[in-house]
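For reference, the structure is listed below as structure tokens.
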Amino acid sequence: AGELIWEGRNLSKDGDFSPSEIGYVPQFSIAYDPLTVDESVEAATRLRVRCRNTEELDHRIDRVLEETGLAAISDVNSRTSVFTGTAGQTYTLRWTITNGSCPTSTDDVQIRFYGSPTTASAGADITQCNNGTFTMVANAVGAGETGTWSIVSGSATITSVNSPSTTITGVASGSDVVLRWSITNGICAASTDDILVRNQALPTVSAAGTDQNICGTSTTLTGNLPAVGTGQWSFAPGGNPDGLGSILDVNSRTSGFNGTAGEIYMLHWTITNGTCAPSIDDVQITLQAAPTIANAGADQLNLCNVTTTAL
């Protein structure tokens, strides 16, 4: 609870304004975000005050704004008055100098209030494989604003620099380009956001080496060295039949390999690069057991008058 005082009168006790005086209206009746101060006061005045004509209504509104310090022009008689407006609007004000019956001298000034630009969003980073054309998905600009693409680093061509959905072409395979989406509004500081587009190169074609037939239980693998991407060894499905095959270093193209004599193993050499499809090649490793040591028996040098013998 509180009191409403106007020119020494306690309206909470003495009663409301008379129709000939300016009145008041509960705030919830006229205060809405879309309304300016002038519009809110005008709405309240129309609800509460009885006026004979538009001129009287305007006069009462001006009186309230001036006495509360809410007028657009805080002091119409001051050459250095403070002017208040709305962002995004352009106003034309007239400064008039009079002196008695002499002709008035007037001059106009235009005032433009720029709002801060929309916060820029260039979209999420984009990675593609062997495709140098990208489609941007930046946010739209507001009324009166301008959006502009620029290249921060790398080399590419921007099809339409002012379109949030422009295409970017000419991104070389295996390269990155950083672009900037800037939204400006008049003299206000631009809002910017960067995006990285990456065109990944296809991986080097995998070569796992020739199949090996080894007498023993170990060998050295001979995968090719990737010029693009990263290689890794693994067993093909069913390629480790006894479960005892062992790749000593899956990331080394010349890794050692151990297994069991008498088994045949199948290995993948896979080269990958980012989002690109991997390149895979197989090699078969056959580990043969060493033969049993031969024993032909003792020499038979004392055979007399016979032509056959048992070995």
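Quick note: residue numbers are just sequence positions, from 1. Source: prediction; values computed, not measured. What's counted below: heavy atoms across the whole structure, side chains too, no hydrogens, waters or symmetry copies.
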task = State whether the side chain of S279 and the backbone N or O of S206 hold a donor-acceptor pair below 3.5 Å, judged by distance alone.
result = yes

Output for pair (T135 OG1, Q128 CD), nearest 0.5 Å, gives 7.5 Å

For Q212 and T220 the tightest heavy-atom approach is NE2-O, 3.2 Å

Membership question, hydrophobic clusters at under 4.5 Å side-chain separation (ILVMFWY): are V76 and L93 in the same one?
yes

Practice problem: Report the C-alpha distance between N258 and L248 in whole Å, list the side-chain angles of each, state the deciding distance to 0.1 Å, and finish with yes or no for side-chain contact (heavy atoms from CB on, under 4.5 Å). | Solution: CA-CA 8 Å; N258 296 328; L248 302 185; 3.7 Å; yes

Any donor-acceptor N/O pair, D108 side chain to T92 backbone, under 3.5 Å:
no

- Task: Examine distances only and state if a side-chain atom of D281 and a backbone atom of A208 form a donor-acceptor pair shorter than 3.5 Å.
- Result: yes

> Relative to the ring of Y265, is the ring of F257 parallel (under 30°), tilted (30 to 60°) or perpendicular (over 60°)?
Replying inline: perpendicular

Shared hydrophobic cluster, W149 / L196 (ILVMFWY, side-chain heavy atoms < 4.5 Å):
no

So CD of Q288 and CD1 of I264: to nearest 0.5 Å the spacing works out to 8.5 Å

Handout entry: Atom CG of D242: over 12 foreign heavy atoms under 6.0 Å
Key = yes

Which of parallel (below 30°), tilted (30 to 60°) and perpendicular (above 60°) describes Y91 and F83? perpendicular

Rounded to the nearest 0.5 angstrom, the CD1-CD1 distance for I195 and I126 is 4.0 Å

request  = Answer yes or no: does atom CD1 of I187 have more than 12 heavy-atom neighbours from other residues, nucleotides or ligands under 6.0 Å?
outcome  = no

* To do: State whether the side chain of D211 and the backbone N or O of Q284 hold a donor-acceptor pair below 3.5 Å, judged by distance alone.
  => yes

Exactly one of I158, V152, D194 clears side-chain contact (heavy atoms from CB on, under 4.5 Å) with L179, and that residue is I158

- Query: Would you find a donor on one side and an acceptor on the other, under 3.5 Å apart, between the side chain of W181 and the backbone of G147?
  - Reply: no

Worked verdict on C129 versus L202 for side-chain contact (heavy atoms from CB on, under 4.5 Å): CA-CA 7 Å; C129 177; L202 290 169; 3.7 Å; yes

Notebook entry, point to check: Would you say the side-chain atoms of T286 pair up with the backbone N or O of N213, donor to acceptor, closer than 3.5 Å?
Noted result: no

Original post:
Judged by atom type as modelled, is there a donor-acceptor pair below 3.5 Å linking the side chain of T146 to the main-chain atoms of T184?
Top reply: no

Output for pair (T148 OG1, N162 CG), nearest 0.5 Å, gives 4.5 Å

All heavy atoms of A201 vs all of C276, minimum pair found to be O-SG, 3.4 Å

Per side-chain contact (heavy atoms from CB on, under 4.5 Å), P226 is matched among I271, N273, T272, V205 by I271

Checking side-chain contact (heavy atoms from CB on, under 4.5 Å) for the pair T96/T98: CA distance, chi angles, key distance, verdict? CA-CA 7 Å; T96 302; T98 60; 4.0 Å; yes

Inset, instruction - Examine distances only and state if a side-chain atom of N240 and a backbone atom of G245 form a donor-acceptor pair shorter than 3.5 Å. - result: yes

Rounded to the nearest 0.5 Å, the CG atom of N131 sits from the OG1 atom of T169 at a distance of 11.0 Å

Closest non-hydrogen atoms of A277 and P203, given as atom of the first, atom of the second and distance, are O-CG, 3.4 Å

Closest non-hydrogen contact found for T260 with T217 is C-CG2, 4.5 Å

Here the gap from M136 atom CE to S160 atom OG, rounded to the nearest 0.5 Å, amounts to 12.5 Å

Practice problem: Would you check if there is a donor-acceptor pair between the side chains of Q200 and T275 at a distance under 3.5 Å? | Solution: yes

Check your understanding: Under 3.5 Å, side chain of W269 to main-chain N/O of R253, donor-acceptor pair present?
Key -> no

All heavy atoms of V171 vs all of A156, minimum pair found to be CG2-CB, 3.9 Å

query: With hydrophobic residues grouped by side-chain heavy-atom distances under 4.5 Å, do V283 and I280 end up in a single group?
result: no

Tell me whether N199 contacts the main-chain N or O of N130 through its side chain, where contact means a donor paired with an acceptor under 3.5 Å. yes

inquiry  = If you apply the rule side chain to side chain donor-acceptor pair (under 3.5 Å), what do you find for T159 with T167, and how did you get there?
reply    = CA-CA 6 Å; T159 305; T167 54; 2.6 Å; yes

Let me check something: do I111 and Y114 share a hydrophobic cluster, defined by ILVMFWY side-chain heavy atoms less than 4.5 Å apart, either directly or through other members?
no

Open item on the list: I'd like to know whether L267 forms a side-chain contact (heavy atoms from CB on, under 4.5 Å) with I247, so could you lay out the CA-CA distance, the side-chain angles of the two residues, the decisive distance to 0.1 Å, and finally the verdict.
Closed with: CA-CA 9 Å; L267 281 70; I247 303 168; 3.9 Å; yes

Heavy atoms of D249 and W233 approach each other most closely as O-CD1, 4.2 Å

